[in-house]
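Report on the following structure.
Residue numbering restarts at 1 for every chain, and letters A, B, ... go by the order of the sequence lines.
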Amino acid sequence: MSEEHEGRLERLSGMLKRRGFLLPAFEIHGGAKGLYDFGPVGGRMRSRINQVWLDHWLKLGNIVEISSPTVTPYSVLEASGHVGEFSDFMTLCRSCEEASRADTLLEPHHPNPDALKRSELQDLLDEVNPACPACQAKDWSEVSAQNLMFNTTIGAGDSGRPGFLRPETAQGMFTSFNALYRHFRERLPFGAVQVGKGYRNEIAPRQGMIRLREFNMAELEYFINPHTPAEADLTPWDDHPLTLIPDGTSEVLLTLSDATHQGIIRHPTIAQFIGITYDFLAHVGIDTARLRFRQHESDEMAHYALDCWDAEIEGSYGWIECVGIAHRGCYDLESHEKATGKTLRARREFDEPRTTTIDAWTINGATAGPAFKAQAGMVKQAVEALPKETPFPCTVSLSDGTSVEVGEEHVKPNQKTIKETGEWYIPHVIEPAFGIDRIIWHVLDHSYQEVTKNDEMYVRMELSDTVAPVDYAVFPLFEKDGMDQKAWKLHQQLCQTLGVVSMYDGSGSIGRRYARADEIGVPKCITIDHQSLEDGTVTIRDRDTTEQVRISMESLLQSA
RNA sequence: GCGAGCGUAGUGUAGUGGUUAUCACCGGGCGUUGCCAACGCCUGAACCCGGGUUCGAGUCCCGGCGCUCGCACCA
């Protein structure tokens, strides 16, 4: 990073703090690492970006929005794998006090130490006793788990049970699957989105908004039927190829259709979601020349993932992953099924009903029950496995290892035809997960323009109209002769218009007020001057061109 | 978590252990000004927190918190 760029980053951060976009949280108490406030300007921008994000996905027509708690019981995150996945097992060198990850130390001695439980790691560590990478000593403390989730207790005292603040919003969509399935009249594909906070107790938060302990995220869980041919309309993106970095290779410029036909993108829905992600990022003001999609290498992906692409955006901190689009297979629903014993499945009907004909033996409950008592169930299982030709009486071996003599009176012919018209299957999931804070950061970074005006540096935030925190700034040319009252009234009328945010500024010279508005990216400045008092017209000045046009207040209010 | 550097008004900064802590931009008020950070006058605002050394600490020492960078970690 050049010095010029570092200076720019410092000036940008200073401006964001000074003007109320982003501020370190709880600063008067000394601050708190990895926690930020969206200020009086940034707060509005955040909610607009959240709304634009929702709008983009709701367009699909089969998406609903839900909201689940951030406080999450232990068992939910145990089932999802987070209790295991989000823990690092640490051990301290007793000689130099350097902390090391136990699995990293043991890598040369085990094919996959990352998968070991704490006690197994402890045993292996005791057995191998590797040298400390820092001081070469061989004296390790007990292995302890450092979990990256925030612990909490749900409920007070003895009735409390352990829980966590959620590390992602996704689990709420999975645990709500059955309600979603009913809502969509049991027809796939469908999706649920959630925009909200996630929490990770990062060991070392860094780089401002890039790694936070509490962050805004927006996720879609899109449930699909893996038995139907995957298809998606990729033609909307045929006229602009995207920068892709396929698994283990270098950048290529390809349309989503081509990348899918060539098998680079392994599922058309992934390709479609990459396209929607591209549209969303462009819409909120990301410079698409500094956007690329990188495919995870197979050893980088979670074991259950079938394909995964990250949207990476280049900014002051280099290329940063801001979106992950993953084909998660049936992993999540299956995990919650196993943990709870509940069914999280969808029904599909076969093209042709499948019939199975059985023509063999089963037990006669009236006689076999009293005869075999507790073993009757096992006898039934064993008898039903026997071929039709079996003569009775006959000795059968049971699954508990014992054998019993089954007589003719204990059995009866079992003849039936089972017709199955369909089956229950676990849907597959495609998950686009957005780090909203990282995206907001890059929107700000890409919008921030330092230009020269009258030989001085002049700052302008070229935010798109859709995400600008303020739509209109209203200025009286001077705060006298009734221009101030008229300007204030227009400001109020604008604020009363649904979805419009106006800001009144009557302090300092008119040029200073334009400069202040430009710095927070207000697209249009309206000035009430002497002529306004006479004919009800105002000037509207465009942020980027500084051109002014005069229109009537009436038509302004109608078009706002 | 380890190591190094840093922490002074809203922002950016100056400050040999010794006056009322510097400067600029900034914010507010009044005046002036017929549209792009104009001008004049007035005014507001800071030594991260806690100990210690000293007659005296923004300055030196220790601890904490925070920030930046590197290692480690994470996505």
Quick one: do Asp529(A) and Ser532(A) satisfy side-chain hydrogen bond (donor to acceptor under 3.5 Å, both in side chains)? Show the steps, please. CA-CA 5 Å; Asp529(A) 56 13; Ser532(A) 312; 2.9 Å; yes
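Atom C1' of G17(B) sits at a distance of 37 Å from the matching atom of G28(B), rounded to the whole Å. Taking the P atom of each, U16(B) and G1(B) are spaced 34 Å apart, rounded to whole Å. Rounded to a whole angstrom, the distance from the C1' atom of U59(B) to that of C48(B) is 15 Å. On the C1' atoms, U32(B) is 45 Å away from G66(B), given to the nearest whole Å. When the C1' atom is compared between G64(B) and G7(B), the two are found 14 Å apart, to the nearest whole Å.
Geometric assessment of Arg541(A) against the ring of Tyr514(A) yields a positive cation-pi assignment under the 6.0 Å and 45° thresholds. Geometric assessment of Arg292(A) against the ring of Trp319(A) yields a positive cation-pi assignment under the 6.0 Å and 45° thresholds.
Atom CD1 in Ile210(A) sits about 15 Å away from atom C1' in U68(B), given to the nearest Å. Residue Asp484(A) contributes atom CG, which lies 12 Å from atom P of G29(B) at whole-angstrom precision. Following rounding to the nearest Å, His29(A) (NE2) and C67(B) (P) show an atom-to-atom distance of 16 Å. For the pair Tyr317(A) OH and U68(B) C1', the computed distance is 10 Å after rounding to whole Å. Taking atom CZ on Phe478(A) and atom P on G34(B), their separation rounds to 5 Å, with Å as the unit. One can place CD of Glu479(A) at 14 Å from P of U32(B), the figure rounded to the nearest angstrom. In this structure, CE of Met457(A) is placed 14 Å from P of G12(B), rounded to the nearest angstrom. Between Arg19(A) atom CZ and G10(B) atom P there is a gap of 16 Å when expressed in whole angstrom units.
With both pairing distances under 3.5 Å, G56(B) is matched to nothing as a Watson-Crick or G-U wobble pair. C6(B) is paired with G66(B) under the criterion used here, namely a Watson-Crick or G-U wobble arrangement in which both key atom distances are under 3.5 Å.
Applying the 6.0 Å contact sphere to CZ of Phe26(A) captures no more than 12 heavy atoms from other residues, nucleotides or ligands.
Between Gly208(A) and Ser509(A), the residue anchored closer to the 5' end of RNA chain B is Ser509(A), taking for each the nucleotide with the nearest heavy atom. In terms of position on RNA chain B, the residue among Gln531(A) and Met15(A) whose nearest nucleotide sits closer to the 5' end is Met15(A).
Closest to the side chain of Arg516(A), out of A75(B), U11(B), G27(B), is G27(B). Among G34(B), A37(B), G66(B), the nucleotide with an atom closest to any side-chain atom of Lys33(A) is G66(B). In this structure, of A37(B), C35(B), C36(B), it is C35(B) that holds the atom nearest to the side chain of Arg550(A). Set against C36(B), G27(B), G34(B), the side chain of Tyr514(A) has C36(B) as its closest nucleotide.
In this structure, Glu27(A) reaches neither bases nor backbone, as no heavy-atom distance under 4.0 Å exists between it and the strands shown. Contact annotation for Ser507(A): backbone-only contact, meaning every heavy-atom pair under 4.0 Å involves sugar-phosphate atoms and none involves a base. Using a 4.0 Å heavy-atom cutoff across all strands shown, Lys17(A) reaches sugar-phosphate atoms only and no base atom. Residue Arg541(A) is classed as a base contact, given a heavy-atom separation below 4.0 Å to a base.
One finds no salt bridge joining Arg200(A) and Glu214(A) here, because no Lys/Arg side-chain nitrogen approaches an Asp/Glu carboxylate oxygen to under 4.0 Å. Between Arg266(A) and Asp247(A), at least one side-chain nitrogen of the basic residue sits less than 4.0 Å from a carboxylate oxygen of the acidic one, meeting the salt-bridge criterion.
When Val83(A), Thr152(A), Asn151(A) are each tested for a side-chain contact (heavy atoms from CB on, under 4.5 Å) with Tyr74(A), only one passes: Val83(A).
Side-chain nitrogen and oxygen atoms of Thr546(A) include none within less than 4.0 Å of the OP1 or OP2 phosphate oxygen of C36(B). An OP1 or OP2 oxygen of C26(B) is reached within less than 4.0 angstrom by a side-chain nitrogen or oxygen of Arg512(A).
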